Enquirer: 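Starting off with a structure, shown below.
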Amino acid sequence: MSTTIDHSAAAYGGIGVAERLGEIRAAHGRLRTAVAGLTEQEAREAIHLPGWTRAHVLIHLADLSQAFARQARYAVKGETVEVYDGGRPTRDRRIEELHGRPLPWLRDQVEEGLTALEDAWQPLGPDGWELPCSYRNSPLFATQLAWWRETELHAVDLTVGHTPDAWSTALSSHVVAFLTARLPQGTTLHAPDTDEKWAAAEAARPGETPARVHGSVRALAAWLSGRPHSTLPTTDADAPLPELHAWP
């Protein structure tokens with residue numbers, strides 16, 4: 001099987017699989033450290049995600065890492081399987097049912113999930129990432145990109161010192177590219193620090209003056225992903241930032 005995906009395309013952060021997996025390993029290390037340092041009280045504290053505590057984030061990451069590990073295990077056998085048995089309702093129900101479990105149990109779930117994913121991904125070569133899976137009906141490579149996003153964005157949600165300022169340029173660029181689907185019609189983005197530009201999928205209607213948004217690549221990524229950042233992007237003539245569409 002020959003690879004057909006440009007794994008280092010600009011939309012994927014401009015880096016290859018090996019470097020991206022290196023960033024994911026580093027994110028796993030930060031997550032393990034963060035989980036080990038949490039107290040029971042801290043796990044129950046509300047975060048900026050509506051209705052969620054840190055414990056919600058922990059069980060979500062634990063379950064998603066197991067789900068992506070399963071996608072890989074089935075893919076190498078030439079099979080596909082649902083991301084979650086029962087789909088999104090199962091995912092949501094488990095988060096609500098299990099976030100209240102004691103912190104030591106949550107720690108174990110996170111560790112088991114990270115280890116399962118690392119074990120499932122370890123033998124994959126370039127061809128392996130092109131195997132079909134059920135996640136977004138895409139090649140397995142889509143789970144690598146998704147997990148890269150999930151670990152970094154949710155590390156910010158845990159509010160344990162990791163902020164969007166610590167995101168790599170590659171991760172930030174990929175997040176912006178992935179989330180251009182949230183942009184209203186005609187909106188354009190410019191990151192002066194990397195000189196990258198992005199645009200909404202649909203052009204502006206005749207007679208409309210669409211928003212032109214400027215900011216560092218990290219500020220743009222934080223804004224589009226709904227994460228707090230020390231500096232908001234700006235628009236031409238200091239107009240309000242446009243309202244974003246739903247997450248793709």
Side-chain angles (χ1 to χ4, degrees), residues 1-28 64-65 67-68 71-72 75 83 117 121 124-156 164-204 210-227 229 233 235 241-242 244-248:
M1 178 180 178
S2 61
T3 59
T4 58
I5 301 171
D6 180 0
H7 297 132
S8 59
Y12 308 142
I15 60 175
V17 167
E19 188 174 349
R20 191 177 299 106
L21 291 177
E23 291 203 4
I24 291 172
R25 284 192 296 272
H28 283 194
L64 185 59
S65 54
F68 280 171
Q71 291 295 298
V83 179
L117 188 58
W121 281 2
L124 293 175
D127 288 357
W129 296 107
E130 308 232 355
L131 295 170
C133 73
S134 292
Y135 177 71
R136 296 180 180 260
N137 294 315
S138 299
L140 197 61
F141 181 56
T143 68
Q144 181 191 117
L145 294 173
W147 187 245
W148 191 29
R149 298 189 301 267
E150 290 286 315
T151 53
E152 291 288 357
L153 270 59
H154 285 310
V156 171
D165 286 323
W167 289 346
S168 71
T169 299
L171 182 278
S172 302
S173 179
H174 166 58
V175 168
V176 175
F178 176 71
L179 292 178
T180 54
R182 301 196 71 191
L183 295 175
Q185 199 166 10
T187 305
T188 58
L189 308 177
H190 178 220
D193 55 331
T194 61
D195 201 29
E196 292 176 281
K197 297 178 181 179
W198 302 266
E202 296 183 85
R212 295 193 295 181
V213 182
H214 314 272
S216 72
V217 69
R218 291 169 179 81
L220 291 172
W223 170 60
L224 284 171
S225 64
R227 267 61 189 185
H229 190 265
T235 61
L241 287 168
L244 298 174
H245 297 319
W247 195 277

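The structure displayed is predicted, hence computed values, not measured ones.
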Enquirer: What is the minimum heavy-atom distance between Leu220 and His190, and which atoms define it?
Expert: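 Heavy atoms only, the tightest pair is CD1-O, 3.8 Å.
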
Enquirer: Listed by chain and number, what are the salt bridge (charged side-chain N to carboxylate O under 4.0 Å, His left out) partners of Arg212, not counting sequence neighbours?
Expert: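 Applying salt bridge (charged side-chain N to carboxylate O under 4.0 Å, His left out) to Arg212 gives Asp236.
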
Enquirer: Does any non-hydrogen side-chain atom of Leu183 lie less than 4.5 Å from one of Leu224?
Expert: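 Contact flag for Leu224/Leu183 side chains = yes.
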
Enquirer: Rounded at 0.5 Å granularity, tell me how far CG in Asp127 sits from OG1 in Thr4.
Expert: 9.5 Å

Enquirer: Can you check whether Thr169's main-chain N or O pairs, donor with acceptor, with Ser173's side chain at less than 3.5 Å?
Expert: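 Answer holds: no.
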
Enquirer: Please test Glu130 against His7 for side-chain contact (heavy atoms from CB on, under 4.5 Å), starting from the C-alpha separation and ending with a verdict.
Expert: CA-CA 10 Å; Glu130 308 232 355; His7 297 132; 3.8 Å; yes

Enquirer: Are any non-hydrogen side-chain atoms of Leu153 and Val175 less than 4.5 angstrom apart?
Expert: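 They are in side-chain contact.
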
Enquirer: Can you measure from NE2 (His174) to CG (Leu145) and round to the nearest 0.5 angstrom?
Expert: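 CG of Leu145 is found 4.5 Å from NE2 of His174.
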
Enquirer: Tell me the closest heavy-atom pair linking Ala146 and Tyr135, and the distance in Å.
Expert: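 For Ala146 and Tyr135, the tightest heavy-atom pair comes out as CB-OH, 3.4 Å.
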
Enquirer: Test of understanding: with ring pair (Phe, Tyr, Trp, His ring centres under 6.0 Å), list the residues that count as partners of Trp198, not counting sequence neighbours.
Expert: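 Once residues adjacent in sequence are excluded, Trp198 has no partner under the ring pair (Phe, Tyr, Trp, His ring centres under 6.0 Å) criterion.
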
Enquirer: Are side-chain heavy atoms of Pro126 and Val17 found at a separation under 4.5 Å?
Expert: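 Not in contact.
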
Enquirer: State which residues pass ring pair (Phe, Tyr, Trp, His ring centres under 6.0 Å) with His154; sequence neighbours excluded, sorted by chain then number.
Expert: His60

Enquirer: To the nearest 0.5 Å, what is the distance between CZ (Phe178) and OG (Ser225)?
Expert: 11.0 Å

Enquirer: Quick one: list whatever passes side-chain hydrogen bond (donor to acceptor under 3.5 Å, both in side chains) with Asp193, sequence neighbours left out.
Expert: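 Listed in chain order: nothing, the list is empty.
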
Enquirer: Could you pull out all residues at least two apart from Gln185 that satisfy side chain to side chain contact (heavy atoms under 4.5 Å, CB included)?
Expert: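 For Gln185 the side chain to side chain contact (heavy atoms under 4.5 Å, CB included) partners, ignoring immediate neighbours, are Glu202, Arg205.
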
Enquirer: Quick one: side chain to side chain contact (heavy atoms under 4.5 Å, CB included) partners of His245, sequence neighbours excluded?
Expert: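 Checked His245 against side chain to side chain contact (heavy atoms under 4.5 Å, CB included); matches are Pro184.
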
Enquirer: Measure across Ala75 and Leu131 and return the closest heavy-atom pair with its distance rounded to 0.1 Å.
Expert: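 Minimum heavy-atom contact is O-CD1, 3.6 Å.
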
Enquirer: Sorted by first residue and then second, give each side-chain hydrogen bond (donor to acceptor under 3.5 Å, both in side chains) pair with at least one member in residues 12-21; sequence neighbours left out.
Expert: Arg20-Gln144

Enquirer: Quick one: does any side-chain atom of Arg218 pair with a main-chain N or O of Ser216 as donor and acceptor, under 3.5 Å?
Expert: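 Not a single qualifying donor-acceptor pair exists.
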
Enquirer: Could you walk me through whether Trp223 and Leu241 pass the side-chain contact (heavy atoms from CB on, under 4.5 Å) test, one step at a time?
Expert: CA-CA 10 Å; Trp223 170 60; Leu241 287 168; 3.8 Å; yes

Enquirer: Please name all residues satisfying side-chain hydrogen bond (donor to acceptor under 3.5 Å, both in side chains) with Trp147, sequence neighbours left out, ordered by chain then number.
Expert: His28

Enquirer: Return the set of residues passing ring pair (Phe, Tyr, Trp, His ring centres under 6.0 Å) with His229 (not counting sequence neighbours), or none when no residue passes.
Expert: none

Enquirer: Measuring from atom CZ of Phe141 to atom CG of Asp6, what distance do you get when rounded to the nearest 0.5 angstrom?
Expert: 8.5 Å

Enquirer: At their closest point, which heavy atom of Pro210 faces which heavy atom of Gly186, and how far apart are they?
Expert: CB-O, 3.1 Å

Enquirer: Under the 3.5 angstrom rule, does the side chain of Thr143 hit a backbone N or O of Leu140 as a donor-acceptor pair?
Expert: yes

Enquirer: For residues Trp148 and Trp167, establish whether the separation of their ring centroids is below 6.0 Å.
Expert: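 Ring centroids of Trp148 and Trp167 are no less than 6.0 Å from each other.
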
Enquirer: Using the salt bridge (charged side-chain N to carboxylate O under 4.0 Å, His left out) criterion, which residues pair with Arg182? Sequence neighbours excluded.
Expert: none

Enquirer: Under 4.5 Å between any side-chain heavy atoms of Val213 and Thr188, yes or no?
Expert: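 When only atoms from C-beta onward are counted, Thr188 and Val213 do not touch, as no gap falls below 4.5 Å.
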
Enquirer: Going by side-chain hydrogen bond (donor to acceptor under 3.5 Å, both in side chains), name the residues that satisfy it together with Thr194, two or more places apart in sequence or in a different chain.
Expert: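 Thr194 satisfies side-chain hydrogen bond (donor to acceptor under 3.5 Å, both in side chains) with Glu196 only.
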
Enquirer: State, to 0.1 Å, how close Ser134 and Gln71 come at their nearest heavy-atom pair, and which atoms those are.
Expert: N-OE1, 2.9 Å

Enquirer: Does the pair Leu21 and Trp121 meet the rule for a side-chain contact (heavy atoms from CB on, under 4.5 Å), with working shown?
Expert: CA-CA 9 Å; Leu21 291 177; Trp121 281 2; 3.8 Å; yes

Enquirer: Under a 3.5 Å distance rule, please check whether His214 uses its side chain to pair with a backbone N or O of Thr235 as donor and acceptor.
Expert: no

Enquirer: Might you point out which heavy atoms bring Gly215 and Pro192 nearest each other, and give the distance in Å?
Expert: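 Heavy atoms of Gly215 and Pro192 come nearest at O-CD, 3.3 Å.
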
Enquirer: Can you name the residues that form a side-chain hydrogen bond (donor to acceptor under 3.5 Å, both in side chains) with Ser168, not counting sequence neighbours?
Expert: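 Listed in chain order: Glu23.
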
